Amino acid sequence: MRITIVAVGKIKEKYLTQGIDEYSKRLSRYCKLEIIELADEKTPDNASLAEELQIKKREGERILKNIKDGAYVIALAIEGKQISSTDLADKMQSLGVNGESHLVFVIGGSLGLDDAVIKRADYLLSFSKMTFPHQLMRMVLLEQVYRGYRIINGEPYHK
């Protein structure tokens, strides 16, 4: 299976880069992983709602340009469904069995995802009602995908 992560924003912290690299290496035995890092828009202090919508629109256009036709898109969104690690593993396995060979996970910028990206998504996934930095979510997502493959393959992994 191919897994692509389309993420807005650069990773600035060394510890996050190290974690992302570690999980990317671990995932290499289970899937073909690609991480597409897109530039984020600078949000001015005290930005108006209209300015924020424009920023999300520009980021959304960049995201959509990097999603291939036929890919199954899982967008990380606070309004998405919260599921367990086992449920995510089951979803990944079920998609593969049903012929989905390319999963794209989308992580938006600091303002979230544009409506056009939400509409393109086949599934909305929420890790929590809390807000997390998008750089940290990249590592958390990779860890959960790795955990999912360990579950699918009946391999031990700490709980």
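Computed from a predicted model, the values in this text were never measured in an experiment. Reckoned from all heavy atoms, side chains included, excluding hydrogens, waters and symmetry mates.
Of the N and O atoms on the side chains of S85 and Q144, at least one donor lies less than 3.5 Å from an acceptor on the other residue. K25 and Y146 are not linked by any side-chain donor-acceptor pair at a separation below 3.5 angstrom, with hydrogens and angles left out of the test. No hydrogens or angles considered: nothing links the side chains of H134 and S110 as a donor-acceptor pair under 3.5 Å.
Just one of I3, I5, L125, V106 meets the side-chain contact (heavy atoms from CB on, under 4.5 Å) condition when paired with I74; it is L125.
Residues E143 and R147 are paired through a salt bridge, judged by an N-O separation under 4.0 Å between the basic side chain and the carboxylate. At a threshold of 4.0 Å, the pair E52-K56 does not count as salt-bridged, since none of the basic side-chain nitrogens sits closer than that to a carboxylate oxygen.
There is a path of hydrophobic side-chain contacts, each under 4.5 Å, that joins I11 to F132. Hydrophobic clustering of Ile, Leu, Val, Met, Phe, Trp and Tyr side chains at less than 4.5 Å, counting indirect connections, keeps V73 apart from L95. Placement of I20 and L38 in two distinct hydrophobic clusters is found when ILVMFWY residues are connected by side-chain heavy-atom separations under 4.5 Å, directly or transitively. Using a 4.5 Å cut-off between side-chain heavy atoms of Ile, Leu, Val, Met, Phe, Trp and Tyr, with links allowed through other members, Y23 and L88 fall into the same hydrophobic cluster. One hydrophobic cluster, built from ILVMFWY side chains closer than 4.5 Å, holds both L141 and Y72.
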- Would S84 and D87 count as a side chain to side chain donor-acceptor pair (under 3.5 Å) if you check the C-alpha gap in whole Å, the side-chain angles of each, and the deciding distance to 0.1 Å? CA-CA 5 Å; S84 69; D87 290 340; 3.2 Å; yes

- Evaluate the side-chain contact (heavy atoms from CB on, under 4.5 Å) criterion for residues E155 and Y30: first the C-alpha distance (whole Å), next the side-chain angles of each, then the deciding distance (0.1 Å), finally the verdict. CA-CA 12 Å; E155 298 167 350; Y30 299 105; 2.3 Å; yes

- Task: Mind running side-chain contact (heavy atoms from CB on, under 4.5 Å) on E37 and K10 for me, showing each step along the way?
- Result: CA-CA 7 Å; E37 189 174 86; K10 291 189 181 295; 3.4 Å; yes

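Residues A75 and L113 approach most closely at CB-CD1, 3.7 Å, considering heavy atoms. Listed here is the closest heavy atom pair of R29 and R150: NH1-NH1, 3.5 Å. The minimum heavy-atom distance between R58 and E41, with the atom names listed, is NE-OE1, 3.0 Å. R138 approaches I35 most closely through the heavy-atom pair NH1-CG2, 3.8 Å.
Listed for the R62 side chain is a donor-acceptor partner under 3.5 Å among the backbone atoms of A39.
Cation-pi check for K91 over Y123 is met; the charged atom lies under 6.0 angstrom from the ring centroid and within 45 degrees of its normal.
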